[in-house]
Amino acid sequence: MQDWQPSKEQARDWVEKGYFTLRGVVSADQAAEMRGVIKNILLTPEPEDVRTDADPMDPMGDTPEARAQRFRKFNRWCHTSPLVWHSVHAGAMAPLAQYYMGDDVLLKFSSVFVKPPLTGAATPWHQDNGLWRDGETEPFNFWMALDPAKKSNGCLQFIPGSHQTEIVQHVLYEDSIHGELPRGRVEAMKVSHGVEHIELDPGDVVCWHSSMWHYSPINESPQGRIGIAGVYTTPDMARGKSRPWGGYPWVLRDGVLCTDFPVVEFTEEGGEKHQPGPFPTAAEVGV
Ligand SMILES: O=C(O)CCC(=O)C(=O)O
C-alpha cells in the first residue's frame with residue numbers, strides 16, 4: 001500500500017474548514033462499475049430482501065411509504081460487495097485511513113446514498129456523531145461520488161468551520177426522516193459561517209470530521225446521484241462499546257491492508273456499553 005500525504009491546501013482545509021476534497025481517487029471507469037453493482041441491487045425485484053434496511057438510527061416502519069424511503073440509502077452494505085470493498089474502503093481510501101487513524105483501522109459504518117432522479121429525498125442537516133450519540137469526535141468520514149454530484153442533483157453541502165462546535169443534541173420534527181440539528185441553529189450557522197456546495201465528479205471524494213454540519217437537498221433533476229460513504233475508527237475507540245450497527249470490519253492491522261473477503265470483523269467486547277436511545281422531539285427540547 002502506498003503512503004499518502006495531504007497537500008498543503010488539503011491540510012489547511014482539514015484544520016480550518018473541517019473537510020477537504022480529493023479528485024480522481026478511483027477512475028471514472030471504476031466508479032461506473034460500482035454504480036452498476038448498486039443499480040443491479042436497486043433494480044432486483046423484492047429489494048427488501050437484499051439489504052435496503054431502514055436507517056438503523058430511526059426505524060421508519062413498514063408502510064409502503066416507509067419502504068420507498070429506504071431507497072435513499074443502503075446501510076452497512078459496502079463491505080458485503082467485494083468490488084466496492086477492495087476498490088474503496090479497503091482499497092483507494094486505506095492510505096488516508098492510515099494517515100489519519102494509524103496502523104490499526106476498522107470500518108465503523110458504510111452507506112450507499114442513492115438519491116434517484118426526481119424522487120431522491122433530502123438528508124437533513126446533521127453531524128454524524130450527533131446521530132451516533134457515542135460522543136466520538138475522532139472517526140474519519142468520507143463520501144465518494146459514483147455519479148456526478150452537482151448543485152442541480154443535490155450534492156452535499158457543508159458549513160465550513162462547523163466541526164469546531166460541540167456535538168449538538170439532534171431532534172425530530174414532524175417531517176424528519178431521522179434525527180437532525182435544530183433548524184434555528186442551522187439557520188444561524190449558515191448566516192455566520194456560510195455554506196459550501198461540494199461538487200464532485202465520479203471517483204472524487206470529500207473527507208470530513210465527525211462533528212461537521214452537513215446536508216443534501218432533494219434531487220429535482222433527471223440525473224441520479226449515487227455516492228458511497230465510509231467512517232473509519234480504531235480498535236481503541238471501538239473497544240468496550242456495543243456496536244449497535246453490527247460488527248466493524250478490519251481495514252488495516254499493524255499497518256497491513258486486510259485483503260480477506262468475506263471481511264474479518266473486530267469482535268472484542270467489554271467496558272461500557274453504548275446503545276443510543278430515541279431522539280427527543282424538537283418540542284420536547286424547545287427548539
Ligand atoms: O449522500 C448524502 O446525501 C448524505 C451523506 C451523509 O450525510 C453522510 O455520509 O453522512
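Indexing begins at 1, ligand by ligand and atom by atom, following the structure's order. All residue numbers refer to positions in the sequence shown, counting from 1.
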Identify the closest protein heavy atom to [atom]: which residue and atom is it, and at what distance?
atom: atom 3 (O) of ligand 1; result: S216 OG, 2.5 Å
atom: atom 7 (O) of ligand 1; result: H126 CE1, 2.9 Å
atom: atom 9 (O) of ligand 1; result: F113 CE1, 3.3 Å

Distance under 4.0 Å to a non-hydrogen atom of [X]: what atoms of ligand 1 satisfy this?
X: A229; value: 9 (O)
X: D128; value: 10 (O)
X: L156; value: 2 (C), 4 (C), 5 (C)
X: W143; value: 1 (O), 2 (C), 5 (C), 9 (O)

Centre of F266's six-membered ring, under 6.0 Å away, within 45 degrees of the axis: is that where NZ or CZ of R239 sits?
no

Of L22, V25, N141, T21, which is the lone residue that meets side chain to side chain contact (heavy atoms under 4.5 Å, CB included) with C207?
L22

Does ligand 1 have a heavy atom under 4.0 Å from the side chain of [X], from its backbone, from both, or from neither?
X: N141; answer: neither
X: W208; answer: side chain
X: Y215; answer: neither
X: R225; answer: side chain

Should [X] and [Y] count as side-chain neighbours, where that means a heavy-atom distance under 4.5 Å?
X: H126; Y: W213; answer: no
X: F158; Y: I198; answer: yes
X: Y173; Y: V287; answer: yes

Inspect the surroundings of CD in Q223 and state if more than 12 heavy atoms from other residues, nucleotides or ligands are less than 6.0 Å away.
yes

In H163, H209, E196, the residue satisfying side chain to side chain donor-acceptor pair (under 3.5 Å) with K17 is E196

Decide, yes or no, whether a salt bridge links R183 with D175 under the criterion of side-chain N to carboxylate O below 4.0 Å.
yes

